[in-house]
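Following: one structure in structure tokens, then a few remarks.
The analysis underlying the following values was restricted to heavy atoms, covering all of them including side chains, and did not include hydrogens, waters or symmetry mates. So you know, we letter chains A, B, ... as the sequences are listed, proteins then strands, and number each from 1.
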2 protein chains.
Amino acid sequence: MTVTVAAAERLIRIGEVARGAGVSVRAVRYYEQQGLLIAERSPSGQRLYRQDAIALVRFFQQMFAAGLTSRRITELLPCWDAGHTDAGQRAMLRAERERIQAKIDDLQAALDHLDKVIAITDTHP
Amino acid sequence: MTVTVAAAERLIRIGEVARGAGVSVRAVRYYEQQGLLIAERSPSGQRLYRQDAIALVRFFQQMFAAGLTSRRITELLPCWDAGHTDAGQRAMLRAERERIQAKIDDLQAALDHLDKVIAITDTHP
DNA sequence: CTTGCCTCTGACGCTAGCGTCAGGTTTTAG
DNA sequence: CTAAAACCTGACGCTAGCGTCAGAGGCAAG
């Protein structure tokens, strides 16, 4: 039989989350407003986060950079921190994966294009 | 001695440009407003383009997808269709190149991240 | 001539992820 | 105790690449 002793995790405030993840405080509040990041509240109303919130915010940034909306991220969060995933969510994961791959290909093509221009302008000053 | 006979190029109207490049008519007008695409005008005021305008619009789309603004594209256009490039423009070209490469790397990291999640949700339904 | 499609010039709307003030409370350092 | 720093809730602003409607003119076909 296993006894779980809750290891009284140290909670951090919004400023620490923001600095830790390299975003603004405003951004973190925005994530909460969008339902991405639920925070506990201190008696006085201040937001309290667990340390892994920092990693989570970094993850949000990465997904934003990949072109996902906050809406999509909320829909996919269950795949992330819970074991529960239904068929629809797995399909969405794959769809986003394909979108990102296509975007990478587009960017690579643009890069090749630019490189050709650079080669011309360098040999042809 | 060479005599150049101007091969009376057939000019096309905005609709044909838009359909050819797969964008909206509104988009083409917007490009003109941003100084990306200069058009002749018919006596009645309609825009007239050369056929290579289609390829140019496709190029704009590619650069937009790569994260360049219309402003940047106008600044870099001289590198493109003229032989004239100064040091500043070549530096900007390289800077944009680096931005795109960094973006590709970020997207690849996001893709790898998503793939790990997909692997977990697939083996762990 | 008129029907129907294309084009024109404004000009306002939209989205998404925040930035940025305003005005007030809370926590912390000295 | 007090001042600074951090936090709170609204709420408006911003950017960029268009979408979209309004109202009016242009152009080939039948």
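Remark: the A:R13 side chain and the C:dT27 base include no donor-acceptor N/O pair separated by less than 3.5 Å. Residue side chain B:R26 reaches the base of D:dT20 through a donor-acceptor N/O pair under 3.5 Å, judged by distance alone.
Using a 3.5 Å distance cut-off with no hydrogens or angles, the side chains of A:R13 and A:Q46 do pair a donor with an acceptor.
For A:S44, taking side-chain heavy atoms from C-beta onward, the closest of the listed nucleotides D:dC18, C:dC18, C:dT27 is C:dT27. Of the candidates D:dC18, D:dC7, C:dT9, the closest approach to any side-chain atom of B:R47 belongs to C:dT9. Distance from the side chain of B:S24 is smallest for D:dG19 among the nucleotides D:dG19, D:dC7, D:dC27. Of the candidates C:dT27, C:dA16, D:dC18, D:dC18 carries the atom nearest the B:Y30 side chain, counting heavy atoms from C-beta on. Listed nucleotides C:dT7, D:dC8, C:dC18 differ in distance to A:R29; the shortest reach to its side chain belongs to D:dC8.
For A:Q61, a side-chain nitrogen or oxygen approaches OP1 or OP2 of C:dC18 to under 4.0 Å. Between A:Y31 and the phosphate of C:dC18, there is a side-chain N or O to OP1/OP2 separation shorter than 4.0 Å. The side chain of B:T69 contributes no N or O atom lying less than 4.0 Å from OP1 or OP2 of D:dT15. The phosphate of C:dG17 (OP1 or OP2) has a side-chain N or O of A:S70 nearer than 4.0 angstrom.
At whole-Å resolution of the value, CD in B:E32 and P in C:dT7 are 14 Å apart. Taking atom CZ of residue B:F60 and atom C1' of nucleotide D:dA16, one finds them 16 Å apart after rounding to whole Å. A:Q46 has its CD atom 7 Å from the P atom of D:dC7, to the nearest Å. One interatomic measurement links the two molecules: CE of B:M63 to P of D:dA16, which rounds to 18 Å at whole-angstrom precision. As rounded to whole Å, 14 Å separates atom P of D:dG26 from atom CZ of B:R41. Spacing between atom CD of A:E40 and atom P of D:dC7 amounts to 16 Å, rounded to whole angstrom units. Distance A:I14 CD1 to D:dC7 P: 7 Å, rounded to the nearest Å. Residue A:R71 contributes atom CZ, which lies 18 Å from atom P of C:dC18 at whole-angstrom precision.
For B:T74 against B:G35, the heavy-atom pair with the smallest separation is CG2-O, 3.7 Å.
Between atom CG of residue A:L37 and atom CZ of residue A:R47 there is a gap of 9.5 Å, rounded to the nearest 0.5 Å. Distance check, rounded to the nearest 0.5 Å: CD1 of B:I73 to CZ of B:F64 gives 4.5 Å.
B:L68 comes within 4.0 angstrom of the backbone, heavy atoms only, and of no base.
Within the 4.5 Å cutoff, no side-chain heavy atoms of A:R90 are placed close to those of A:C79.
When the shell of 6.0 Å around CZ of B:R71 is examined, it contains 12 or fewer heavy atoms from other residues, nucleotides or ligands.
Comparing A:V25 and A:P43, the nucleotide of DNA chain C nearest to each residue sits closer to the 5' end for A:V25. Both B:Q34 and A:R19 lie near DNA chain D, and the one whose nearest nucleotide falls closer to the 5' end is A:R19.
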